Amino acid sequence: TGAKTGSLQKGLNLEPRYRRRMRYCARLTARLLLAGLARVSAGCPNHCSGHGNCNIWSACECWTPWGGADCSEHSCPRGTAWADEATAIDVAHQGSVDGSIGVECSNRGVCDRTKGTCHCQPGFEGNACQRIECPLNCHFRGKCSTIQQFAQESMDLNSVQYTYEDTWDAQMMTGCVCEHPFFGYDCSLRLCPTGDDPLTEGQVNEVQLFTCDATGGSLVFFYRGKPTVNIPVSSSSGAVKAALESHPDISEVVVTFNPTDVASVCQASPTNVVRVEFTQDFGSLPPLVPYLAKLSSPGGSPGGGTAVAVTVSRGGESVLYDSNSLGYHSTSGSKEAEACSGRGYCDRYDGECECFTSRETGDTYASSDGYGGLGGREDCGAPVPALGGGARIRACPGDLVSCSGHGACNTTSMTCECWQGYESGDCSQRACPLARPWFAYPTADEEAHSFAKGQAVPCANAGICDQGTGTCTCANWVTGAACEHMVCGAGEGGPGAPTSPCSGHGRCLSQSELALEATRSNGGPANFTYGLDPSKASTWDGASVMGCKCDRGFEGAFCSERACPLGDDPNTRGQANERQLIRCEAEGGTFTLAFRGASTGAIAFDASALEVEAALELLPSVGDLSVAFSGAATKACFGGYDPCSVMVVQFQTEHGDLPSLRADGEELTDAVMGASATSGIAVYQNGAAPGAAENCAFLDQGVTSVRGTTESLACSRRGLCDRGTGLCKCFAGYGPSDGLGGAGAIMDCGFVLGSDRAGSGD
């Protein structure tokens with residue numbers, strides 16, 4: 001058309017002013033035609049589906065809970081991230097400490113964007129997959145509780161209450177709080193009767209002492225975290241005994257007042273030392289902890305007045321004196337409190353003891369009275385020698401051989417000392433591996449998973465120990481020999497869909513490992529760590545909680561979704577792609593370039609621009625870019641007699657403010673020294689360029705680096721991402737770009753069809 005227009009003008013012999021008018025009209029007509037071609041791209045796509053506002057860039061600003069470039073996708077509920085990359089040293093779990101609303105489906109589910117619902121990984125529940133699921137409703141033998149609730153509603157065995165409010169998993173980690181006598185992570189097991197080993201000698205019962213200086217109200221003790229009934233201050237020793245024995249965890253006690261002629265448990269004078277001997281609960285027992293609020297002083301003031309005092313002694317820790325100055329000592333119980341008295345098998349499913357019988361001698365055991373005689377405790381604590389009354393038990397327990405061949409027999413007490421890995425009275429059962437518990441009552445404020453305080457438990461309290469094999473059967477959300485690692489999920493799908501961790505498209509990493517993968521906002525390495533101190537309570541999960549680090553091209557909590565190309569919104573203006581400069585001075589050797597943690601192989605000092613470009617585009621952190629040399633340079637590095645030159649690296653598919661390329665020139669050499677004495681390599685970005693100090697002053701004439709200011713948006717915000725294929729479905733009027741706003745082969749919807757923006761990439 002240009003030739004035809006020129007011929008027409010020449011033939012008509014138009015005056016210059018008319019030619020100017022014709023050129024103006026031609027340009028105006030062309031603009032109107034282009035406007036007609038691009039009309040489909042005007043306004044917001046699909047009118048934001050009626051779920052958002054259209055801004056001045058013709059981009060949708062979606063209302064909650066909608067998303068997507070046209071607000072047609074329903075976002076899913078958000079919660080604190082179960083696993084994610086650290087945002088600072090020992091700071092992770094987005095939504096827990098940074099005041100944000102967290103991440104979709106808490107990184108433990110896949111969002112159905114047609115409905116806005118989360119499909120949670122097995123073992124997780126909640127609208128945002130934000131809680132562990134209690135298995136089978138704790139078999140209706142307990143309460144499903146978060147650790148926060150457990151701490152708020154209960155006490156530990158020493159009747160001390162701790163808080164668990166601020167740690168990231170306080171409202172997420174749930175477990176079963178079992179009713180007595182049930183136990184196990186799912187309350188499926190039942191405790192067997194415990195008792196004293198009848199063949200060990202020289203042991204004593206637990207004796208605790210207390211004095212109560214009060215004249216009104218009632219005394220209450222907490223024992224194993226539960227309160228007794230009210231004990232009026234005027235109660236006799238018999239009434240105190242009855243009150244204590246009504247407690248669910250106290251079987252039988254003997255209560256005596258000292259002096260014996262004292263009538264009331266509490267009084268200001270004379271001092272009464274109350275002695276409590278536990279006669280059917282053995283071992284070293286937790287303390288009786290007084291609750292003073294219901295007591296009053298001689299003046300009638302409520303509990304907490306200076307005249308109200310209750311002093312308790314246990315374990316011989318102090319001597320209490322009565323009004324006659326006689327001292328009394330408490331005693332820590334030294335008898336065993338073993339399941340089935342260590343003389344029988346515990347059937348943990350029905351809570352019954354099967355007492356041992358020796359095939360070698362015929363000796364057996366029976367239900368006891370707690371003191372070696374026959375009784376009703378169902379605890380196997382009564383020896384029944386085969387030779388009859390007065391005879392001794394003649395062998396250690398063991399089915400075929402003493403101690404089942406897995407321990408040493410103490411011939412004095414006829415007890416087995418099991419080898420490592422074996423347990424029970426006859427060493428026939430295998431011990432399961434121990435790990436820090438996923439769910440337990442806190443051992444201090446904000447500390448519930450500690451190794452340091454002896455909290456390691458079989459199967460991490462998230463599985464059932466098979467005592468025949470010593471192996472754990474773990475809940476469906478944990479794995480490992482001790483159920484110590486959280487399972488990395490796999491995406492859902494039909495037949496043939498991946499079921500391996502991270503859907504086979506990523507690495508299953510611990511929180512500590514994920515921290516090392518963390519990047520800053522521009523994609524550069526963050527150099528964060530997480531959970532390196534195993535005693536730090538807030539990062540207890542460093543080696544336990546696992547998450548997916550997806551391979552390039554995949555995304556989502558389980559790496560089950562394809563990532564679509566990222567691009568710059570072509571409707572925004574005044575932006576630029578990142579450009580960096582590399583100055584290399586050398587006459588031999590090689591160098592390497594690194595970007596976002598990935599490094600090239602060795603690049604020869606005299607490599608061409610295409611060779612440098614190819615080396616960079618092999619990096620997993622780089623898509624497309626172009627490399628050119630300044631001036632007339634034909635090789636990457638210039639020598640001592642060559643004019644200064646730089647490599648110009650223009651990023652195309654990586655958008656925004658990018659981290660610097662990292663150059664390593666240790667292997668570069670010069671011609672004189674044969675080493676890196678005068679050779680060197682440097683990178684310039686964000687407007688910097690080599691200057692006079694580098695003998696490159698001519699570069700001031702226009703060759704400079706540029707800070708990237710473009711957006712990095714899925715499908716350039718001008719299309720919808722098909723997460724099944726990783727392909728963009730461009731809105732009408734948009735198509736593939738070159739990454740720089742022009743037409744190209746990158747399927748990112750980053751080019752306005754019919755526009756006059758020329759492609760500038762290669």
Side-chain angles (χ1 to χ4, degrees), residues 79-100 102-103 106-108 147 164-170 172-173 434-438 442-453 455-456 460 477-480 482-489 501-502 506-552 554-559 594-599 619-621 657-662 664:
T80 296
W82 281 102
D84 60 2
E85 295 177 4
T87 56
I89 293 176
D90 284 343
V91 177
H93 304 289
Q94 180 181 340
S96 60
V97 295
D98 57 8
S100 75
V103 296
S106 305
N107 272 352
R108 258 335 184 252
I147 300 181
Y164 201 76
E165 305 283 341
D166 301 325
T167 307
W168 69 269
D169 65 319
M172 301 174 68
M173 193 63 66
L434 307 178
R436 68 171 74 228
W438 291 98
T443 55
D445 287 342
E446 305 302 326
E447 186 173 327
H449 310 273
S450 174
F451 266 140
K453 297 194 176 183
Q455 272 201 300
W477 56 275
V478 285
T479 188
C483 309
E484 73 274 27
H485 298 303
M486 188 174 282
V487 170
C488 283
C502 305
R507 294 171 291 151
C508 184
L509 303 179
S510 69
Q511 277 294 109
S512 294
E513 293 168 328
L514 283 171
L516 301 178
E517 301 286 335
T519 57
R520 300 192 183 277
S521 59
N522 63 5
N527 299 317
F528 295 146
T529 59
Y530 184 89
L532 296 187
D533 181 357
S535 65
K536 188 173 182 179
S538 61
T539 57
W540 66 269
D541 58 301
S544 303
V545 171
M546 313 293 285
C548 292
K549 178 66 177 179
C550 298
D551 298 336
R552 186 176 177 87
F554 293 88
E555 60 186 10
F558 310 143
C559 306
F595 183 70
R596 288 179 170 169
S599 180
L619 297 179
S621 53
D657 184 10
L658 301 181
S660 174
L661 290 161
R662 302 295 182 186
D664 184 346

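Computed over heavy atoms, backbone and side chain alike; hydrogens, waters and symmetry mates excluded. Note that this is a predicted model, so its numbers are computed, not measured.
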Might you point out which heavy atoms bring [X] and [Y] nearest each other, and give the distance in Å?
X	Y	answer
Leu514	Glu85	O-CG, 3.6 Å
Ala435	Ala482	CB-CB, 3.8 Å
Val478	Cys483	CB-O, 3.7 Å
Arg108	Gly547	NH1-CA, 4.4 Å
Thr80	Met172	O-CE, 3.3 Å
Ala83	Asn107	O-ND2, 2.9 Å

Hey, could you give me the [atom1]/[atom2] distance between [X] and [Y], rounded to the nearest 0.5 Å?
X	Y	atom1	atom2	result
Arg507	Lys549	CZ	NZ	7.0 Å
Leu532	Thr539	CG	OG1	8.0 Å
Arg520	Asp657	CZ	CG	13.0 Å
Ser621	Leu658	OG	CG	10.5 Å
Met546	Thr479	CE	OG1	9.5 Å

*Who passes ring-ring contact (aromatic ring centres under 6.0 Å, His included) against Phe595, sequence neighbours left out?*
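So Phe595 forms a ring-ring contact (aromatic ring centres under 6.0 Å, His included) with Phe651.
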*Please identify each residue that fulfils ring-ring contact (aromatic ring centres under 6.0 Å, His included) with Phe528, with sequence neighbours left out.*
none
Does the side chain of [Y] come within less than 4.5 Å of [X]'s, by heavy atoms?
X	Y	answer
Ser544	Trp438	yes
Met486	Asp541	no
Ser538	Glu446	no
Val91	Trp168	no
Glu165	Asp445	no
Gln511	Asp84	yes

*asked:* So, using side chain to side chain donor-acceptor pair (under 3.5 Å) as the criterion, who are the partners of Ser510 when residues are at least two apart?
replied: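 Expected list: Glu513.
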_Under-2.5 Å SG separation for cysteines Cys550, Cys559_ = yes
_SG(Cys508) to SG(Cys488) below 2.5 Å_ = yes
*Would you call the rings of His93 and Tyr530 parallel, tilted or perpendicular if under 30° counts as parallel and over 60° as perpendicular?*
perpendicular
*asked:* Testing the 3.5 Å rule here: is there a donor-acceptor pair between the side chains of Asp169 and Thr167?
replied: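 Judged by distance alone, the side chains do not pair up.
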